[in-house]
Amino acid sequence: MPPRVRFAPSPTGYLHVGGARTALFNWLYARRHGGTFILRIEDTDMERSSTDMVTAIFDSMTWLGLDWDEGPRVGGPHGPYFQTERLDKYRAAADALVASAHAYRCFCKPDDLKAERAAAEAAGQTWNYDRRCTRLAPDDIARRVAARESHAVRFLVPAGITAFDDLVHGRIEFDNANIEDFVIIRSDTYPTYHLSVVVDDVEMQITEVVRGDDHISNTPKQVLLYVAMGAAVPKFAHVPLIMGPDKKRLSKRHGATSVGEYETQGYLPEAMVNFLALLGWNPGGDQEVFSRQELIDRFTLEGISGGNAVFNPDKLDWFNQQHIMRLPADDVLRRIRPDLEALGWWSDDLLSTRADWIARVLALIKPRAKNLSEIAPQMRAFLSDNLVFDDAAVKKHLSDPSVPAHLQAWIAVLETTPSFDAASLEAALRALAEARGIKPGVLIHATRVAVTGQGNSPGLFEVLELVGRDRVIARMHLPA
RNA sequence: GGCGAUAUCGUCUAGGGGUUAGGACAUGUGGUUCUCAACCACAGAACCGGGGUUCGAAUCCCCGUAUCGCUACCA
């Protein structure tokens with residue numbers, strides 16, 4: 001039977017890199033085995049959830065290429081896929097648990113319990129709810145329910161040991177004595193996470209629950225719920241968390257944490273996916289750079305490692321550079337088109353008559369960019385005649401009194417050389433330098449500054465060829 | 001405090017009773033070179049600590065320690 005897995009974010013914030021990786025592992029697993037990847041929005045915390053965040057999460061998932069088979073927007077046989085639209089299911093499940101004596105109504109006031117807990121903890125004691133409401137007389141309960149007195153529903157945790165076989169950690173055991181009778185329905189009639197997640201995972205027929213390590217301690221509660229509901233317990237795979245460089249939980253003070261920020265900074269989704277996949281999962285072998293399909297072909301839950309992993313921005317940059325280098329020119333062009341339009345350098349003939357030329361320009365620039373956003377600005381010398389001069393470079397390479405005479409001679413060569421290609425230009429320049437008794441570098445650097453405005457650029461002769469004879473000569477006449 | 005998970009170069013990791021403990025990022029040095037990248041070569045850099053089992057432990061066991069997580073009418 002093909003697996004059914006899900007990603008179930010809470011729309012209380014943007015999609016962060018940790019959530020993205022959890023989503024990615026689920027997606028890879030589903031795609032690897034021809035299974036179903038379900039997206040479910042866990043928005044039962046009305047206080048902190050927002051529809052803007054729902055949209056932002058969809059956008060980031062889409063950007064990463066993590067398409068879902070069932071969920072919001074695409075629908076599916078187990079909808080709706082927003083938990084707030086499924087409340088009656090959770091309430092019915094809770095009523096059934098009360099009826100079967102697996103749960104009970106608790107009329108205690110939250111503030112009172114909170115105060116008791118605080119007092120006990122101040123005295124250094126552990127505090128668990130003492131089940132006082134299990135001792136309520138049945139007719140008393142019936143009367144208070146009839147009177148619509150607000151109350152929670154608690155799960156009656158049985159004595160014993162609860163264990164499960166985690167696909168990444170192996171067998172994990174918990175003594176139920178350490179588990180409190182947790183609330184499954186709040187006094188505002190909304191379900192808590194433990195109930196809603198289990199009810200949904202049962203109904204959506206989830207076969208493997210792949211989620212963050214932070215849920216390991218929650219799992220026995222949920223296993224208890226599955227058993228009480230008479231449902232099959234799925235397999236669990238708890239993936240390690242992503243930490244900041246200080247090994248503290250990744251947060252804003254570590255820099256960008258949301259996927260959307262990386263998108264706007266010019267990272268490729270391919271690079272992000274590659275980087276995230278290898279953070280805590282190893283495909284075996286020494287290969288590091290993978291396409292999406294290669295990741296799918298190799299993914300296994302067993303390859304996930306056990307310890308938390310530090311998010312290393314340097315390595316992300318390296319992946320980004322690797323993927324940019326591998327991207328075909330027309331693909332790069334498509335992605336930086338908005339940047340070029342913003343700079344006023346876009347024209348449609350870049351896609352037609354000048355397609356080969358721009359591909360050659362991009363071939364020069366691609367290995368020099370570790371970020372998509374760096375590419376367009378580096379195309380100035382090719383796409384604009386409005387150069388920006390670097391003062392230090394001008395001073396260093398154009399200010400010597402001997403330079404103008406050398407450049408005059410070089411211009412004469414440029415005007416007359418029969419073929420304006422990189423190899424011919426290089427030969428001509430070196431010959432001229434030798435004839436004038438100077439180092440080629442003097443002419444090379446001066447020409448670079450005159451033609452690009454900058455001290456750094458791709459190889460000069462390739463630049464000259466692609467800028468073209470007329471524009472090169474025009475710029476040679478204008479050294480500031 | 002209780003419970004749980006984890007522990008190999010700075011970072012991501014491979015390996016796993018006898019290995020020169022491997023790779024990648026980062027770092028350093030050198031090469032190439034017209035600059036900057038890219039590229040190539042080389043270098044430094046690790047098995048958390050203590051016991052035990054064993055001829056032999058980084059690997060197996062126990063005890064510590066550290067880190068992270070859970071311990072809510074958050075998810």
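As the structure is a computational prediction, the values presented were derived from the model and not from experiment. We name chains A, B, ... by the order of the sequence lines, and we start the count at 1 in each one.
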Exam field: side chain A:Arg40 to backbone A:Phe7, donor-acceptor pair closer than 3.5 Å: no
Span that lies between the C1' atom of B:C68 and that of B:C61, in whole angstrom: 25 Å
side-chain N/O A:His169 vs B:U6 OP1/OP2, d < 4.0 Å: yes
Nearest-Å distance once atom P is located in both B:G23 and B:U32: 25 Å
Value in whole Å for how far the C1' atom of B:A37 lies from CG of A:Asn320: 15 Å
A:Val310 side chain, from C-beta outward: closest of B:C12, B:U33, B:U35: B:C12
Under 3.5 Å donor-acceptor pair, A:Lys370 side-chain atoms to B:A37 base atoms: no
For atom CD1 of A:Ile172 and atom C1' of B:U6, their distance in whole Å: 11 Å
Note: A:Asp130-A:Arg132 ion pair, threshold 4.0 Å (strictly below): yes
Sugar-phosphate, base or nothing in reach of A:Gly441, heavy atoms under 4.0 Å: nothing
Nearest-angstrom distance from the residue atom CG of A:Asp286 to P of B:G15: 11 Å
Side chain of A:Trp318 - closest among B:A24, B:U33, B:G23: B:A24
Partner nucleotide of B:U19 by Watson-Crick or wobble geometry (both distances under 3.5 Å): none
Identify all pairs in which a protein N or O lies below 3.5 Å from an N or O of nucleotides 63-65 of chain B, and state each distance.
none

Closest to the A:Arg368 side chain, choosing from B:G4, B:C36, B:C34: B:C36
Atom pair distance, as rounded to whole Å: NZ in A:Lys439 and C1' in B:C34: 12 Å
RNA chain B: 5'-proximal contact among A:Ala369 and A:His445 (nearest heavy atom): A:His445
Distance, P atom - from B:C40 to B:C55, rounded to whole angstrom: 48 Å
Pairwise P distance, B:G50 and B:A14 [rounded to whole Å]: 25 Å
Residue pair A:Arg171, A:Asp166: steps toward the salt bridge (Lys or Arg N to Asp or Glu O under 4.0 Å) verdict: CA-CA 6 Å; A:Arg171 186 177 178 81; A:Asp166 192 280; over 6 Å; no
Check: A:Phe299 ring centre within less than 6.0 Å of A:Phe25 ring centre: yes
Nucleotide B:A5, atom P - distance to CG of A:Asp175 in whole Å: 13 Å
Short side-chain to backbone donor-acceptor contact, A:Glu465 and A:Val467, under 3.5 Å: no
Side-chain ion pair, A:Lys109 and A:Asp111, N-O less than 4.0 Å: no
Toward the 5' end of RNA chain B, by each residue's nearest nucleotide, A:Phe174 or A:Gly280: A:Phe174
Counter-base of B:C39, judged by Watson-Crick or G-U geometry with both distances under 3.5 Å: B:G31
Pairing nucleotide - B:C73, Watson-Crick or G-U, each distance under 3.5 Å: none
Test: A:Lys89 and A:Glu203 ion pair at under 4.0 Å: yes
Nucleotide-resolved protein contact map, nucleotides 67-75 of chain B, B/S/- at heavy-atom distance under 4.0 Å: -SBS-SBBB
Counterpart base for B:A26, defined by Watson-Crick or G-U wobble contacts under 3.5 Å: none
Partner nucleotide, any strand, of B:A7 [Watson-Crick/G-U, under 3.5 Å]: B:U65
Gap between atoms CG and P, on A:Leu460 and B:A37 respectively (whole Å): 17 Å
Sugar-phosphate only, base, or nothing, as touched by A:Gln321 at under 4.0 Å among non-hydrogen atoms: sugar-phosphate
C1' gap between B:A26 and B:G44, integer Å: 13 Å
C1' spacing across the pair B:A46 / B:A24, given as an integer number of angstrom: 15 Å
Extract from the structure each pairing of a protein N or O with an N or O of nucleotides 27-29 of chain B at less than 3.5 Å, listing the distance.
none

Sugar-phosphate, base or nothing in reach of A:Glu426, heavy atoms under 4.0 Å: nothing
Backbone of A:Cys108 reached by a side-chain donor or acceptor of A:Asp112 within 3.5 Å: no
With A:Ala433 via side-chain contact (heavy atoms from CB on, under 4.5 Å) - residues at least two apart: A:Ile438, A:Pro440, A:Leu443
Distance, rounded to the nearest Å, where A:Lys315 contributes NZ and B:G23 contributes P: 13 Å
Pi-cation contact, A:Phe382 with A:Arg471 (under 6.0 Å, within 45°): no
Inter-nucleotide P distance (B:G22, B:C47), Å rounded: 13 Å
Lys/Arg cation over aromatic A:Phe182: A:Arg154, 6.0 Å, 45° cone: no
Given B:C36, B:A37, B:A24, the nucleotide with the shortest approach to the side chain of A:Asn456: B:C36
Nearest-Å distance once atom C1' is located in both B:A45 and B:A57: 23 Å
Salt bridge (charged side-chain N to carboxylate O under 4.0 Å, His left out) contacts in which one or both residues fall within residues 424-440 of chain A, not counting sequence neighbours: A:Glu426-A:Arg430
Residue A:Arg135 excluded, over 12 heavy atoms near CZ under 6.0 Å: yes
Contact list for residues 114-134 of chain A, test ring pair (Phe, Tyr, Trp, His ring centres under 6.0 Å), sequence neighbours left out: none
